[in-house]
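Numbering starts at 1 and runs along the sequence shown. Values below: all heavy atoms of this structure, side chains included; hydrogens, waters and symmetry mates excluded.
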Amino acid sequence: MSFVRLATVAPDLVEEIFRRDDSELSALSNAVVAWAIGQVEIEDPRLAVALSALKERRVSDRVRDQLWELVQELDESAWDLQESEAGDETLVGYAHAFARARAANALWYSLFIPAASETVADCMYEAQAVAGDVNGLRNVVRQVLANTYPTL
């Protein structure tokens, strides 16, 4: 196993992921994305198209590329806010922009079908970064593995 970013915040989840089969990985990825996106407001048709493609398990390179453009735009917006010299409002704006970018990036990782341990780990890493909520992520994983968490 190569370096996995999720190991820096939740090594227990990395171990859990690498023990799962394709169907469990897909369920985990879908639930984690639903949880991450549910924490932010993103109004963009590219996000809606990507969510629909994921739900239908019909993801194309075009869908992935368009979502990647959105991720890049959201990241640039966050960086611009981070670099500005304004006060508390800018910090709040940066936090929201950062969270939106991380949620969109979690979705982008989930678009790799079939799901692989590495992409699900990256999806989870991005999802926990939305609000810095590793325990929330752990709860989603527990619920999915107990078949009680709704997915997309």
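The pair D61-R64 meets the salt-bridge criterion, with a side-chain N (NZ, NE, NH1 or NH2) lying under 4.0 Å from an Asp/Glu carboxylate O. By the 4.0 Å N-to-carboxylate-O rule, E24 lies too far from R19 to be salt-bridged with it.
For the pair S110 (side chain) and L107 (backbone), a donor-acceptor distance under 3.5 Å is present.
Atom CG of L28 sits about 8.0 Å away from atom CD of E16, to the nearest 0.5 Å. Taken from CG in L6 to CG in D122, the straight-line distance is 8.5 Å, to the nearest 0.5 Å.
When side chains are defined from C-beta on, V141 does not count as touching I17, because their heavy atoms never get closer than 4.5 Å. Looking at heavy atoms from C-beta onward, N105 lies out of side-chain contact with L74 at the 4.5 angstrom threshold. M124 places a side-chain heavy atom less than 4.5 Å from the side chain of V120. Looking only at side-chain heavy atoms (C-beta outward), K55 and N30 stay at 4.5 Å or farther from each other. Taking the side chain as every heavy atom from C-beta outward, H96 and E41 never approach each other to under 4.5 Å.
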Given the rule in the side chain to side chain contact (heavy atoms under 4.5 Å, CB included) test, do S26 and R57 qualify, once you have shown the distances and angles that lead to the verdict?
CA-CA 10 Å; S26 291; R57 309 301 292 165; 3.2 Å; yes
Derivation of the side chain to side chain contact (heavy atoms under 4.5 Å, CB included) call for D12 and R138:
CA-CA 9 Å; D12 57 314; R138 283 187 179 101; 2.8 Å; yes
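Between L67 and A104, the shortest heavy-atom distance links the atoms CD2-O, 3.8 Å.
For the pair R100 and F98, the cation-pi criterion (under 6.0 Å, within 45° of the ring axis) is not fulfilled. For R102 and Y125, the positive end is not near the middle of the six-membered ring at less than 6.0 Å and at most 45° from its axis.
In terms of hydrophobic clustering, with Ile, Leu, Val, Met, Phe, Trp and Tyr side chains grouped at heavy-atom distances under 4.5 Å, F18 and V9 are assigned to a common cluster.
Ring pair W108/F112 is perpendicular by interplanar angle, where above 60° counts as perpendicular and below 30° as parallel.
More than 12 heavy atoms of other shown residues, nucleotides or ligands fall within 6.0 angstrom of atom CD in E56.
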